[in-house]
Amino acid sequence: MTARSFWEPPADARVACASKCGVSMQVLPMDLPAELHRRGSDVPGGDVIVATGPLAMMARGLLALAPEDRDAFWIHSEAGDLDAAEAEEQVAGWSQFPH
């Protein structure tokens, strides 16, 4: 048995999602710890964390922004970074895949 990090679903779950959702992305756990970042020239270091919490909340927060404002934001987690389009794919995956 190999070790997995706490957020990585089993391989069969990723395959099941891809076949049900019609997408090739990995659906991440809704409760994965995440940070919502904003980039801009008006913030020190070029970006600032504006919120932290479960990935599902960060994704919904990002998608609540006006579409023209979303390019300045992204979500960071142990699984990597997500832009608004990828966050939208995650939300769609969660609605299709039992978690």
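The distance from atom CD1 of I49 to atom CG of L36, rounded to the nearest 0.5 Å, is 9.5 Å. In this structure, CD on E35 lies 7.0 Å from OG1 on T52, to the nearest 0.5 angstrom. Atom CD of E89 is separated from atom CG of D83 by 8.0 Å, given to the nearest 0.5 angstrom.
For D71, the side-chain hydrogen bond (donor to acceptor under 3.5 Å, both in side chains) test picks out no residue, with sequence neighbours left out. Partners of A59 under the side chain to side chain contact (heavy atoms under 4.5 Å, CB included) rule, at least two apart in sequence or in another chain, are I75, A87, V91, W94. Checked against ring-ring contact (aromatic ring centres under 6.0 Å, His included), H37 has the following partners two or more places apart in sequence or in another chain: W74. Listed by chain and number, the residues in a salt bridge (charged side-chain N to carboxylate O under 4.0 Å, His left out) with R38 are D42 (sequence neighbours excluded).
Screening residues 49-71 for ring-ring contact (aromatic ring centres under 6.0 Å, His included) gives no qualifying pairs among residues at least two apart or on separate chains. Applying the side-chain hydrogen bond (donor to acceptor under 3.5 Å, both in side chains) test to pairs two or more places apart or on separate chains, none has a residue in residues 60-69. Under the ring-ring contact (aromatic ring centres under 6.0 Å, His included) criterion, no residue pair touches residues 50-71, with sequence neighbours excluded.
Side-chain contact check for L63 versus R70: some heavy-atom pair is nearer than 4.5 Å. Residues L82 and L55 have side chains in contact (heavy-atom distance under 4.5 Å, counting atoms from C-beta outward).
Here the closest heavy-atom approach between residue P54 and residue M30 is recorded as CB-O, 3.5 Å. Taking both residues in full, the closest heavy atoms of D81 and E86 are given as O-OE1, 3.6 Å, listed atom of the first, atom of the second, then distance. Annotation for P33 and S77: closest pair O-CB, 3.4 Å, computed over non-hydrogen atoms.
Although no hydrogens or angles enter the test, the distance criterion places a donor-acceptor pair under 3.5 Å between the side chain of Q90 and the main chain of L28.
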